[in-house]
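This report concerns only the one structure given below.
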Amino acid sequence: MMNTLSSLEATIHQHLAVLVDEIGARPTGSVGNHRAGAYLKQQFGKAGWQVESPLFNCLTWETGGSRLSCGEQRFEVQANPYSPTFEGSFPFVVCDTVEALEQFDTLRGHLLVLSGLLAAESYMPLKFPFVTIEEQQRVLGQILHAQPEAVIGINSQPLFCDGDFPIPSVTLAPADGSRLLACSPQPLRLSIQGRRIESNGHNVIAHPVNLSLPKIVICAHYDTWFDTPGAVDNATGVTVLLALAQLLSPQKSNIEFVVFNGEDHYASPGEVSYLERGMGDIACAINIDGVGAQAHQNSVAYFGESPILERIQSVQQQFPAIVTSVPWYQSDHTLFVQQGIPAIALTSSPFDLKQTHTPHDTLDKIDTAAVAEAVRFIYQIVVEDPA
Ligand SMILES: [Zn+2]
């Protein structure tokens with residue numbers, strides 16, 4: 001075992017190179033996603049674990065780019081993920097509050113530009129299974145009612161990333177916002193190439209042949225956002241699971257690895273599928289999402305109260321570089337927390353990982369030694385057998 005621990009960083013580097021550089025973007029249901037899933041099945045199997053990978057249906061999406069212009073003026077826009085194709089020239093209206101939006105009974109024959117408060121943050125998907133935000137639902141409801149031909153959001157991030165949102169949409173960078181608004185009352189010409197594709201995907205679940213209950217679930221998501229190699233989000237988390245699977249072999253009879261496929265997908269299909277199959281008796285869940293970012297520290301957040309969590313806290317004392325973070329909820333541990341299961345979540349702190357969900361989330365942003373530290377920490381937790 002010591003041998004394996006000492007070659008840990010080399011093992012980590014190998015897995016990261018496959019996931020980030022060889023495979024790259026892994027949005028749920030895409031070709032890269034299926035390649036990553038096959039790699040995970042093979043690696044857990046090679047380490048002696050029993051592997052399951054139940055299929056679910058999902059949508060994926062491809063784009064051929066998009067264009068926006070007003071007369072001779074051109075604007076750079078990005079098609080929002082899952083946007084349908086669109087082509088047309090229409091006058092536009094600008095709304096920056098829900099009250100302004102609600103003055104329009106119909107926006108047929110118009111493009112809708114969202115700015116200010118209405119473009120302040122991305123909208124939750126229409127059918128998101130875990131959370132709803134009332135104010136956003138009001139805005140979305142009004143847009144669906146008024147039926148603009150297409151929506152242009154002024155923000156640095158897509159306002160919509162939703163395969164259930166029927167209206168074509170693009171994102172315009174804030175730096176170009178005032179130039180666009182000055183085009184009124186001339187019409188805008190917008191063209192979006194987008195294709196929704198029916199596909200499927202699977203989680204990867206690995207456990208000993210005779211799993212004993214209650215189990216400790218160690219999880220991470222392997223899907224990514226579109227157009228990112230997903231190094232810190234979340235090839236590092238997946239790699240922690242693979243390294244642990246190799247170190248532990250399946251002798252620890254109460255461990256289940258769950259590699260989720262859907263954390264960055266609008267409909268969380270992997271999470272929904274995991275819940276629908278029944279989770280079984282779980283003593284504790286350990287989620288890893290975003291560890292090992294360079295110039296950050298690994299952090300752990302605790303959810304719930306339980307003697308298991310107290311024992312994990314005492315293991316943490318042996319890892320002085322791992323800090324305790326405030327509880328956060330934007331990842332897969334939340335589905336366990338909502339069932340009252342004690343959980344911990346590991347990430348990099350402080351939180352503002354600017355490269356997340358961008359093409360800049362690359363291998364060189366990873367501190368391999370910090371990924372190894374996360375492996376050693378969880379290894380120690382599991383070996384001390386908190387359940
Ligand atoms: Zn993530």
Side-chain angles (χ1 to χ4, degrees), residues 12 15-16 19-20 23-30 32-33 36-37 40 58 60 81 121-122 124-125 128-131 157-158 161-162 201 203-204 217-242 257-274 285-294 296-301 303 325-338 343-363 365-367 370-371 374-375 378:
I12 286 170
H15 292 311
L16 288 174
L19 292 165
V20 179
I23 298 174
R26 313 175 283 284
T28 305
S30 67
N33 186 255
L40 294 174
C58 61
T60 187
E121 56 178 12
S122 302
M124 303 290 283
F128 189 66
F130 302 114
V131 191
Q157 294 280 334
C161 178
D162 184 357
N203 297 328
V204 178
V217 170
I218 307 176
C219 64
H221 71 89
Y222 76 93
D223 60 305
T224 65
W225 198 255
F226 289 96
D227 198 25
T228 172
V232 174
D233 187 17
N234 184 30
T236 55
V238 173
T239 295
V240 168
L241 266 56
L242 291 176
F257 292 103
V258 179
V259 205
F260 282 110
N261 186 6
E263 205 276 331
D264 275 326
H265 186 275
Y266 70 94
S268 308
E271 286 72 4
V272 170
S273 133
Y274 183 72
I286 298 173
N287 182 37
I288 305 126
D289 193 356
V291 297
Q294 268 189 6
H296 287 70
Q297 279 182 288
N298 284 333
S299 69
V300 53
F303 302 84
S325 83
V326 293
W328 54 284
Y329 294 93
Q330 307 87 320
S331 185
D332 292 316
H333 51 283
T334 299
L335 68 96
F336 300 97
V337 174
Q338 287 182 338
I344 64 169
L346 277 74
T347 190
S348 296
S349 289
F351 265 133
D352 64 321
L353 301 168
K354 287 187 189 62
Q355 72 266 12
T356 300
H357 295 178
T358 75
H360 308 294
D361 186 10
T362 45
L363 215 50
K365 307 299 192 317
I366 294 174
D367 176 353
V371 180
V375 175
I378 299 170

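Here the structure is a predicted model, which is why all the values come from computation and not from measurement. Whatever order the structure lists ligands and atoms in, that order sets their numbers, starting from 1.
Residue contacts to the Zn ion (ligand 1): D264 brings no N, O or S atom closer than 2.8 Å.
Distances from the Zn ion (ligand 1) to the N/O/S atoms of D289 are shortest for OD1. The closest approach of D233 to the Zn ion (ligand 1), by N/O/S atoms, is made by OD1. Closest N/O/S atom of H221 to the Zn ion (ligand 1): NE2.
Considering N261, N287, N203, D233 as possible partners of H221, the one that fulfils the side-chain hydrogen bond (donor to acceptor under 3.5 Å, both in side chains) test is D233.
Of the N and O atoms on the side chains of D264 and H357, at least one donor lies less than 3.5 Å from an acceptor on the other residue.
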### Task
Check step by step if side-chain contact (heavy atoms from CB on, under 4.5 Å) holds for T236 and L16.
CA-CA 7 Å; T236 55; L16 288 174; 4.2 Å; yes

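Distance check: L242 CG to I12 CD1 gives 10.5 Å after rounding to the nearest 0.5 Å.
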